[in-house]
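This report concerns only the one structure given below.
Treat the numbers as computed from the prediction; the structure is a model and nothing was measured. Throughout, protein chains are lettered first and strands after them, A, B, ... in sequence-line order, and every chain is numbered starting at 1. Below, all heavy atoms of this structure are taken into account, side chains as well, without hydrogens, waters or symmetry copies.
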Amino acid sequence: MNTKLIEEKWIKYWEEHQTFKTDINDFSKPKFYALDMFPYPSGVGLHAGHPEGYTATDIVCRMKKMQGYNVLHPMGFDSFGLPAEQYAIKTGNHPAVFTNENIKTFKYQLKSLGFSYDWDREVSTSDPSYYKWTQWIFKNLFNDGLAKYVDMPVNWCEELGTVLSNDEVINGKSERGGYPVVRKNMKQWVIDIPKYAEKLLNGLDEIDWPESTKEIQRNWIGKSTGALVTFKVKDTPYDFTVFTTRCDTLFGATYCVLSPEHELVSKITSQEQKEKVENYQKECSLKSDLERTELNKDKTGVFLGAYAINPVNNESIPIYISDYVLASYGTGAIMAVPAHDERDYDFALKFNIPIIQVLEEVTGTPHENEEKKNSIVAVIYNPQNDKYLTLNWHSLGGRLFIGGTIKDNETPLECALREITEETGLQNLELVATLPKINHHYYAYNKNKYFNIESTGFFFKLKDDSIMIEPKKEEDENFTLEWVSKEEIINEVKDELHAKTFAYALNPGAMVGDGNHINSEFLNGLNKEEAISKMISYLEERNLGKKQINYRIRDWIFARQRYWGEPIPVVHLEDGSIVALKDSELPLVLPELKDYSPSKTGASPLLKATDWLNVTIDGQKGVRETSTMPGSAGSSWYFLRYIDPHNEKEFANYELLKHWMPVDLYVGGPEHAVGHLLYSRMWNNYLYDKGLVPYKEPFKKLVHQGMILGSNGIKMGKRYPEYSVNPMDIVNLYGADTLRFYEMFMGPLQADKPWSDTGVIGSKKFLDRVWNLYTTENKISSEDNKALEKIYHKTIKKVTEDYETLNFNTAISQLMIFINAVYKEKNYPRYMAEDFIKLLNPIAPFMTEEIWEKLGHQESIANEPWPKYDETKIVDEEIEIGVQVNGKLRSSIVISVDEDDEKVQEKALKEENVQKHMEGKTLVKVIIVKNKIVNIVVK
RNA sequence: GCCCAAGUGGCGGAAUAGGUAGACGCACAGGACUUAAAAUCCUGCGGGUGUAAUAACCCGUGCCGGUUCAAGUCCGGCCUUGGGCACCA
C-alpha cells in the first residue's frame, strides 16, 4: 500500500468534490457542531498532541455525517501572539509575513492528516475582517462599563515589556519564558469579569464538563459568604470596614490589620509610628509577587499607634498594617482572631498580642442531667528520649495523661502543677503551651454520673533541673507511671478528651473547626453556623455590619504593551475623556512600523506610529490607545464566527446562531481551564445578556485530551528532544491513517500516555492486515456466513457506542477482534466487508476510501449511511458461567440463557470439583445471579 | 497546607447498578512458509506449587482494616504519582 499516493489522491478528491462543506442554511437535518481548540501557528508546525484531540472530533464528525447529521467541523488559527512579534523585532519584517507562512504550513499538515474540516469557514484572529468584530465586542463592553481604564497594581514583566493577566503568571513568573513578574501601578484596561462571577458559577451546573475543570473554575471564582463589620477608630472621626467569614468569632478579635495600601493608614497613624509605617509601606510596594508568596511563613507588620473599637464589646484593640492582608480582596482590612485563624495566630505570637478562645471543640456525647466541672489535662514531654509521661490505669481506664478537677480559687495552671506533683512528684517543669479548652461529655462509672467538663490542656517539657519527688498518691489511685512514644500514645490513648489534647500539644495553633461558643455573651453555647447567623442579625439590627458575598476572581487585565494584537479601538481626548470609535471606523487596523521592539518602561511599540496615533474627533484633538488586546481576546468568541465567517454586517447572524449553537462537543487541553474556557463563557454570557447570542453557555460538552508523553514517560519538549516525536515523520513513514489509528489506540483519550515506537508499528501492521484481507486474500463473496453473524452485529454495536462516548481504544479493540475472526473463515460476506470499512473509515479515512473504491463504488464513503445492527442477532443462546464454593471459583457450567435457577443449581452441584470442595460440609445456601454466576455457601 | 484525579502482568491498557481479573495490542518464546532473513500466518504468554502432559491447589488489581455469599469495583485510614490553588480573612 502506497500511503503517499493514496493520501494525495483523496485530499484532492475531498477538496474538488467539497465533500466536507457544510450547508449552514440547511436546517432540515439535526445539527452537530464539533469544535477543536484552534492552534497558535508556531514556526515548528504540529506537535504530537495536536492530532490526538483533532482525530477524536474528526472520528465523531465523520460518523455523525454518515448517521445523517448536518455537521459543522471548522478550523482556524489563533494567530496573534508573541513569537511572531519577536520574529518581527529580529528581522524587521511585518509579523503577518511570519504568521501567514506558518498558517500555510499548519493547513498543509492538517490536510495531510485527513481531517474533515470545512476550510471555507477558516478564521484567523489576526485577520482584520475577523478582529473588526473582536474590537466591536470590546467597544460594546466599554460602552456598557464592563471594559474599564483604571489605575491599578498589575503584573509587570520587564523582560517581556508588558503586563500579564493573573492566569499568565505562574508562581510569580511569566507563563511564557519564566521571567520574573513584579507588581506595579499602571493605568490599565481591564474587563470586569467579577461582575459575571455569579453567572459563571451557576452556569457550571448546566454543562457537561469534566468535574475537575468545573472545580478549578469554581475555585478560581472563589465565592465566599461572610459579613462586613464596621470598626470605629478610637478618638478619631474615622471608621473602616472589614470582611470576615467568621463573624461568630468577633468576641475573640484582639487586633485589626489594614493592608499597607489602605487609604486610612496615613490618616490614623500616630506621630511616633509614622516613620516606621511609611518605611514598611515602601518595602511592601517593592516586593515582587514571588517574594510576597515565598516569604509568607514569616509574618511582618507594623503597629499604627491607633486603636479600633470592637463593636460588640467596645474593647480597644490595636490596628496594624501587614502585607498578609491584600488590598485587592474584600475591603483590604480584617479583624484578627488569633485563637481561630492560623495566620492571625502566627502574627499574634510574633507581636505578642493576646489570644482569646471563643470556640471550644466538643468531644464525647451530651446527656441530660450532667454535672458541670472545670478540669485540666497535662501532657509532659521528655526531650532526652522523645517520650511522653502517661498514667496507665490498666483495666480502670487505660492509658491517660495527668488529669484533674480544678478546685475553687485555683487557676487551671495551678491545678495542673498541683496534680502533677500529687500524681508523679515531678517539679520544675517548663510550660511550652496552654492548649485550647475542650468541652467534654462523659459518664463516670465509679460515681454513676454524667459529667460535662471544660478542660484546659497544658503542654510541659522536662528541663535539665526538673526533679522528681515522692508523689502523694491517694489510695484509690491505682496507676503506674509510664514514659511512652508518640506512636504508642496514638494507638493506645482512646479517651477522646486526652487524645484531642495530645493532638493540640503536637500541633499547637489556631482552632479552626466547629464547636461550642464561649466568652461570647449572646453566642455562648451556639455552634459555628448558628452563631454566624445570630451575629449577622445582631449586626444588621444595630447597623454595625451586614451579610456580604465576596469573590476571589479579579478584573481581567486586558491590555498588552505590544504590537501584534488587536488595537484597542478607543481615543483619549484632550479633555481626559475616552471615546470608542464609531462602528464605521472598525476595524482599526494595525499601522506598519519600522521597529517593532517594546520599551522597558512600558510604552507600547504603537507609540512610534505618529501618523496613526494622532486623531481629531468632532474638532477635539486626541490620541489613540496604544495598548493592544491580550491573546485570549480573539479566542473568546471564535466559535461564534465559524457559524457565519463572511458576514460583514454583524459578528454572526442570530438565526444561524440559534440553530447551530451551542457547541455539541469541544475537545482541547485542560491547561485553558481558567483562561480561555472562562473568558469565552464570560463573553458569551455577556452577548447573551445583550440579546446577541441565543444561549448562555457556549460549550455544552467539553472533553480534555491527555498529553502524549515521550517514550520515556516524560513530557515531550526541549529537555528530552531524543524522546520527542514529530507527527509528520510518522505520516511520512507509516501514513496518516497509522498516526490517527495509533493515537486513538494508545489508551483513553483523557489520559496522559507515553509514546511507543513499537506500538506505532503494531498499528501499522493491523491496517496492513485489513488492506491485505481486502486486496489479496480473496475471501469476499456474495454468500452469507452465519459463523460471523454474531460478531458482526456485536462489532457494529460496540464501535458505534464507543465512538459516541469517545472510547476509541476499546472500539479499535473490537475492530481487531472482528478482523481476527474473519481471518479464521474462508468466506467473508460482502455486506459485512463493506460495513466493516465504514466502521473503520472515521479512524483511517484514506485507506478506507481507497478500499471502498476497490469494492466498486464511485462515490466517497463519507456520504454512505452508517451501518445498523440487529440486537436479536447478538444475544447468545448458551452461555458459560462460573461456579464458586464459598466465593472461590471451582468450576464453570454451560447453561441456556435465562435457564431456571433450579436447573442451574442442579448442574452446578453435579460438577466434580464442586463436589470435592463440599465434601464433609453442610450446604448453607446457593446464590444464583442470573446468567452471571453461582455461589455455593457451605459450612 | 488545602482541593481534585489516578495507582491492575515486562509494557500500553480491558473489565465498575459488586458477580469467572488481565479483553485488544506491544514485547518475548515456539512453529509454518523460505536456501536464508524480513514480511506474513498459526500457537503460547500474571507469579508460584505440582504433573510425562493434563488435572488440581496457593498467591495476586499501591498498603492496612471493614462491609458482603462475593470487592479491582463499596466504606474508613494511610502511601505514592500527576494536576489545581496557595497569606483570599
Verdict with supporting geometry, A:Asp768 and A:Lys764, salt bridge (Lys or Arg N to Asp or Glu O under 4.0 Å)
CA-CA 6 Å; A:Asp768 283 345; A:Lys764 168 69 174 164; 3.5 Å; yes
Rounded to the Å, how far apart are [X] [atom1] and [N] [atom2]?
X: A:Phe766; N: B:C41; atom1: CZ; atom2: C1'; value: 16 Å
X: A:Lys779; N: B:U40; atom1: NZ; atom2: C1'; value: 13 Å
X: A:Lys916; N: B:A56; atom1: NZ; atom2: P; value: 8 Å
X: A:Leu709; N: B:G83; atom1: CG; atom2: C1'; value: 13 Å
X: A:Lys888; N: B:C57; atom1: NZ; atom2: P; value: 10 Å
X: A:Tyr823; N: B:C42; atom1: OH; atom2: P; value: 8 Å
X: A:Gln750; N: B:G83; atom1: CD; atom2: C1'; value: 15 Å
X: A:Leu909; N: B:C69; atom1: CG; atom2: P; value: 19 Å

Hey, mind stepping through A:Arg769 and A:Glu777 against salt bridge (Lys or Arg N to Asp or Glu O under 4.0 Å) and telling me if it holds?
CA-CA 10 Å; A:Arg769 198 164 144 85; A:Glu777 286 281 328; over 6 Å; no
Using the [atom1] atoms only, state how far [M] lies from [N], rounded to an integer number of Å.
N: B:U73; M: B:C64; atom1: P; value: 13 Å
N: B:C74; M: B:C59; atom1: P; value: 24 Å
N: B:C3; M: B:G76; atom1: P; value: 14 Å
N: B:G60; M: B:G72; atom1: C1'; value: 11 Å
N: B:G7; M: B:A14; atom1: P; value: 9 Å
N: B:C11; M: B:C45; atom1: C1'; value: 14 Å
N: B:G13; M: B:A21; atom1: P; value: 23 Å
N: B:G22; M: B:G46; atom1: P; value: 10 Å

Contact class for [X] vs. all strands (heavy atom < 4.0 Å): base, sugar-phosphate, or nothing?
X: A:Asn913; value: sugar-phosphate
X: A:His917; value: sugar-phosphate
X: A:Arg890; value: sugar-phosphate

Once Watson-Crick and G-U wobble pairs under 3.5 Å are found, how is RNA chain B written in dot-bracket notation, 5' to 3', with | for any base paired to another strand?
(((((((..(((......[....))).(((((.......))))).((((......))))..(((((..]....))))))))))))....
Report the C-alpha distance between A:Tyr679 and A:Asp167 in whole Å, list the side-chain angles of each, state the deciding distance to 0.1 Å, and finish with yes or no for side chain to side chain donor-acceptor pair (under 3.5 Å).
CA-CA 11 Å; A:Tyr679 299 145; A:Asp167 67 295; 2.6 Å; yes
Heavy-atom distance under 4.5 Å between the side chains of [X] and [Y], does that happen here?
X: A:Cys247; Y: A:Ile532; value: yes
X: A:Val926; Y: A:Val937; value: no
X: A:Lys486; Y: A:Phe502; value: yes

Donor-acceptor under 3.5 Å (A:Lys223 side chain, A:Ile549 main chain)
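Here the side-chain-to-backbone pair does not exist.
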Output yes when A:Asp876 and A:Lys790 qualify as a salt bridge under the 4.0 Å nitrogen-oxygen rule, no when they do not.
yes
Let me know, please, whether A:Asn886 or A:Asn772 comes out on the 5' side of the other along RNA chain B by nearest nucleotide.
A:Asn772
Take A:Lys824 and A:Thr244, find for each the nucleotide of RNA chain B with the closest heavy atom, and name the residue whose nucleotide sits nearer the 5' end.
A:Lys824
Check: A:Tyr255 ring centroid to A:Phe347 ring centroid under 6.0 Å
yes
Below 4.0 Å: OP1/OP2 of B:C42 and any side-chain N or O of A:Arg769:
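Yes.
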Going through the checks in order, is the side chain to side chain contact (heavy atoms under 4.5 Å, CB included) test met by A:Val799 and A:Asp802?
CA-CA 5 Å; A:Val799 170; A:Asp802 282 353; 5.8 Å; no
Reading nucleotides 2-27 of chain B from 5' to 3' and marking B where a protein heavy atom lies under 4.0 Å of the base, S where only the sugar-phosphate is that close, and - otherwise, the string is --S-------BSS----BB--BBSS-
Is [X] atom [atom1] crowded by more than 12 heavy atoms from other residues, nucleotides or ligands, each under 6.0 Å away?
X: A:Asn778; atom1: CG; result: no
X: A:Lys930; atom1: NZ; result: yes
X: A:Tyr329; atom1: OH; result: yes

Where does B:G9 fall, syn or anti, if syn means a chi angle no more than 90° from 0?
syn
Within residues 328-335 of chain A: residues closer than 4.0 Å to RNA chain B (heavy atoms)
A:Tyr329, A:Ile334
